[in-house]
Amino acid sequence: MFSFTEEQSSIRDMIRAFAEKEIRPIAEEIDKTGRFPKETIAQLADMGVMGLNIPEEYGGAGMDEICKVLAISEVSRCCASTAEILAVHLLVNDIILHQASEEQKEYWLPRACEGKLGAFCLTEPGAGSDAGGLRTKAVQDGDDYILNGTKVFISNFGKDEGDHFVIIALTDPDKGTKGGMTAFLVGRDTPGLSLGKTEDKMGMRGAAVSELILEDCRVSKNTIMGKVGDGFKVAMSGLDGGRIGIAAQAFGLAQAALEEAVKYSSERIQFGKPINTNQGLQWYLADMVTRTEAARLLTLEAAALRMKGEPCSKNASMAKYYSAETACYVCDLALQIHGGYGYMKDYPIERMYRDARIMRIYEGTSEVQKIVISRAVIKGK
Ligand code: COS
């Protein structure tokens, strides 16, 4: 049993109440229309949630990693798309906080707290699981760098969405992941940075995901975060925190699907009795709740380690892997319990089933998480 501080419990309760009142009622509509919930993001910013992991001196709420997990999971319990927007934004906040210069922090962090969205740009057409295979180049020209390349599947980027971008680019192609990549923090208005194709997705339809195109995009050397050559480490250590966020999103969604399954199976009468009086179905529910709880505890454990500044890559990957698999497992069984009705758009489980599927893929597939976990365990970490 994890015991929470007063601050952690109160953020969880506050966000649960807000999500029930404001997010759940529009979850179906934003899924159907693919509309970005900008009013929700503005409300979350007003509540301090968009700057949750930013210290008060930059306009944030100064909360810890456990609060982040609780916030994302409570939002996800009502709408996974909205939780994705929040999780990616908090990942970018975290990278800026830990890697940016003081000048960059003073400029970008207060904006982020106001709800101006951050996006993380690592993936490319030829660099998915092999993130080190990216081709976007940053060539130095005096005090500037010229960026050229294409980033794909960029969450929080759309026609009207996305304010600032963490971009990982090659500064020394010969060195690759070993000192050849650099992280840049670039604003949307930078000439040469443009919006490509916006994706039409199976799930997470309220969250904007697009291509980002860089064509002779000239940026000052002051946009570099961390040291030249440290970009892959910036990306990977940022993803440690990001994966904890996605794990939270995944167990929050699993919790939601479990609740739908319990409700439906209590009300649905077949053979003259509620279907949850059948032992086969009870065993489904037992597996669903046990796995959801295990995912939650793995995620909180990873968050607690990260909060203490201890190495957490293995734990973040275990949490992300297990939570994502659990979200898919629980949504699948919850749909099965709903029978034919679960396949129809009249019940929320149909949306949850689609939303869950990406969780085994983004911010590192389950297979990539297993690479990270096994490498750590072989090294005795
Ligand atoms: N924190 C800090 N540094 C890290 C790190 C971490 N979590 N993980 C790796 N690094 C460092 C390594 O220490 C190494 O540097 P040194 O040679 O100085 O030690 C460097 O980064 C290269 O690491 P590695 O050799 O492990 O890189 P690989 O090319 O083998 O890639 C995987 C490793 C597969 C784990 C990585 O490419 C990955 O995570 N891929 C998935 C990408 C992803 O999640 N994409 C989603 C994008 S957001 S939707």
Side-chain angles (χ1 to χ4, degrees), residues 83-92 94-95 98-99 117-136 149-157 162 165-183 199 201 203-204 207-212 225-247 249-250 302 305-306 309-321 323-324 357-379 381:
E84 177 187 331
I85 300 163
L86 176 62
V88 171
H89 181 77
L90 296 181
L91 156 69
V92 174
D94 190 80
I95 295 179
H98 291 102
Q99 308 290 349
L117 283 182
F120 177 60
C121 311
L122 173 67
T123 305
E124 297 184 7
S129 289
D130 181 11
L134 62 83
R135 290 280 165 268
T136 293
T150 300
K151 298 288 182 180
V152 294
F153 305 152
I154 304 307
S155 297
N156 285 354
F157 188 33
F165 304 86
V166 171
I167 299 173
I168 312 295
L170 280 173
T171 36
D172 186 343
D174 293 338
K175 291 191 184 153
T177 58
K178 315 280 185 195
M181 295 179 188
T182 301
E199 302 296 344
K201 305 186 282 346
M204 298 288 186
V209 172
S210 305
E211 242 176 24
L212 178 138
M225 280 194 298
K227 292 200 206 88
V228 172
D230 272 356
F232 196 70
K233 286 184 185 174
V234 169
M236 289 298 123
S237 60
L239 278 175
D240 287 344
R243 287 166 181 168
I244 294 172
I246 300 304
Q249 183 199 27
L305 284 174
R306 188 165 169 86
E310 290 181 21
C312 69
S313 303
K314 181 184 81 176
N315 301 76
S317 284
M318 291 197 303
K320 199 273 179 183
Y321 161 52
S323 270
R357 191 61 184 84
I358 190 63
M359 295 176 182
R360 288 165 57 201
I361 299 172
Y362 64 14
E363 294 207 20
T365 60
S366 287
E367 292 73 17
V368 160
Q369 307 311 325
K370 288 195 255 190
I371 293 175
V372 176
I373 297 162
S374 59
R375 281 184 184 174
V377 88
I378 289 164
K379 283 188 188 154
K381 285 186 186 167

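Quick caveat: nothing in here was measured; it's all calculated off a predicted structure. Computed from heavy atoms alone, side chains included, the values below leave out hydrogens, waters and symmetry copies. Just so you know, ligand 1 is whichever comes first in the structure, and atom 1 is the first atom listed for that ligand.
- Side-chain atoms of Ser323 do not come within 3.5 Å of backbone N or O of Lys320 as any donor-acceptor pair.
- For Lys381 (side chain) and Lys314 (main-chain N/O), no donor-acceptor pair under 3.5 Å exists by modelled atom type.
- Closer than 4.0 Å to atom 19 (O) of ligand 1 lies none of the heavy atoms of the protein.
- Every heavy atom of Ile371 sits 4.0 Å or more from the atoms of ligand 1.
- In terms of modelled atom types and a separation under 3.5 Å, the side chain of Asn156 and the main chain of Gly118 share a donor-acceptor contact.
- Of all atoms in ligand 1, listed by their number and element, those nearer than 4.0 Å to a heavy atom of Val368 are 38 (C), 39 (O), 40 (N), 41 (C).
- One side chain, Glu84 or Ser155, offers a donor N or O that lies under 3.5 Å from an acceptor on the other.
- In this structure, the protein non-hydrogen atom closest to atom 6 (C) of ligand 1 is Met236 CB, 3.5 Å.
- Not one N or O on the side chain of His89 forms a donor-acceptor pair closer than 3.5 Å with the backbone of Ile85.
- Of the protein's non-hydrogen atoms, the one nearest atom 29 (O) of ligand 1 is Thr177 CG2, 4.2 Å.
- Look at Gly176 and you'll find every heavy atom at least 4.0 Å from all atoms of ligand 1.
- Close contacts between ligand 1 and Asp240 involve ligand atoms 7 (N) [criterion: under 4.0 Å to a heavy atom].
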Test side-chain contact (heavy atoms from CB on, under 4.5 Å) applied to Leu134 and Leu170, step by step: CA-CA 8 Å; Leu134 62 83; Leu170 280 173; 3.8 Å; yes
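- When every heavy atom of Ala316 is checked against every heavy atom of Ile244, the shortest pair comes out as CB-CG1, 3.8 Å.
- Contacts between Ser313 and ligand 1, counted as non-hydrogen atom pairs separated by less than 4.0 Å, involve the side chain only.
- Scanning the protein for heavy atoms near atom 24 (P) of ligand 1, the closest one is Arg375 NH1, 3.9 Å.
- Atoms of ligand 1 lying under 4.0 Å from at least one heavy atom of Ala131, given by number and element, are 37 (O), 42 (C).
- Ranking protein heavy atoms by distance to atom 23 (O) of ligand 1, first place goes to Phe232 CE2, 3.8 Å.
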Criterion side-chain contact (heavy atoms from CB on, under 4.5 Å) on Met181 and Thr177, from CA distance to verdict: CA-CA 6 Å; Met181 295 179 188; Thr177 58; 4.0 Å; yes
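- Put simply, the side chain of Ser210 gets close to the backbone of Phe157: a donor and an acceptor are under 3.5 Å apart.
- In this structure, atom 12 (C) of ligand 1 has its sub-4.0 angstrom surroundings free of protein heavy atoms.
- Atom 15 (O) of ligand 1 has as its closest protein heavy atom Lys233 CE, 3.4 Å.
- Ranking protein heavy atoms by distance to atom 34 (C) of ligand 1, first place goes to Ser129 O, 3.9 Å.
- Annotation: Tyr362 places no N or O atom under 3.5 Å from an N or O atom of ligand 1; distance criterion only.
- Less than 4.0 angstrom separates atom 32 (C) of ligand 1 from none of the non-hydrogen atoms of the protein.
- Distances below 4.0 Å separate heavy atoms of Leu239 from the following atoms of ligand 1: 43 (C), 44 (O).
- Geometrically, ligand 1 and Arg243 share a nitrogen or oxygen pair separated by less than 3.5 Å.
- If you check the side chains of Glu211 and Thr150, you find no donor sitting under 3.5 Å from an acceptor.
- At the shortest separation from atom 49 (S) of ligand 1 among protein heavy atoms lies Glu363 N, 3.3 Å.
- Although no hydrogens or angles enter the test, the distance criterion places a donor-acceptor pair under 3.5 Å between the side chain of Lys151 and the main chain of Leu122.
- Close approach to Gly128 involves these atoms of ligand 1, each under 4.0 Å from a residue heavy atom: 42 (C).
- Glu199 places no side-chain N or O within donor-acceptor distance of the main-chain N or O of Phe153, the cut-off being under 3.5 Å.
- Nearest to atom 14 (C) of ligand 1 among the protein's heavy atoms is Lys178 NZ, 4.2 Å.
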side-chain contact (heavy atoms from CB on, under 4.5 Å) between Val372 and Tyr321, intermediate numbers included: CA-CA 10 Å; Val372 176; Tyr321 161 52; over 6 Å; no
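- Of the heavy atoms in Val372, only side-chain atoms (C-beta onward) come closer than 4.0 Å to ligand 1.
- Annotation for ligand 1: atoms under 4.0 Å from non-hydrogen atoms of Thr123 are 47 (C).
- When all heavy atoms of Glu363 and Arg243 are compared, the pair lying nearest together is O-NE, 2.8 Å.
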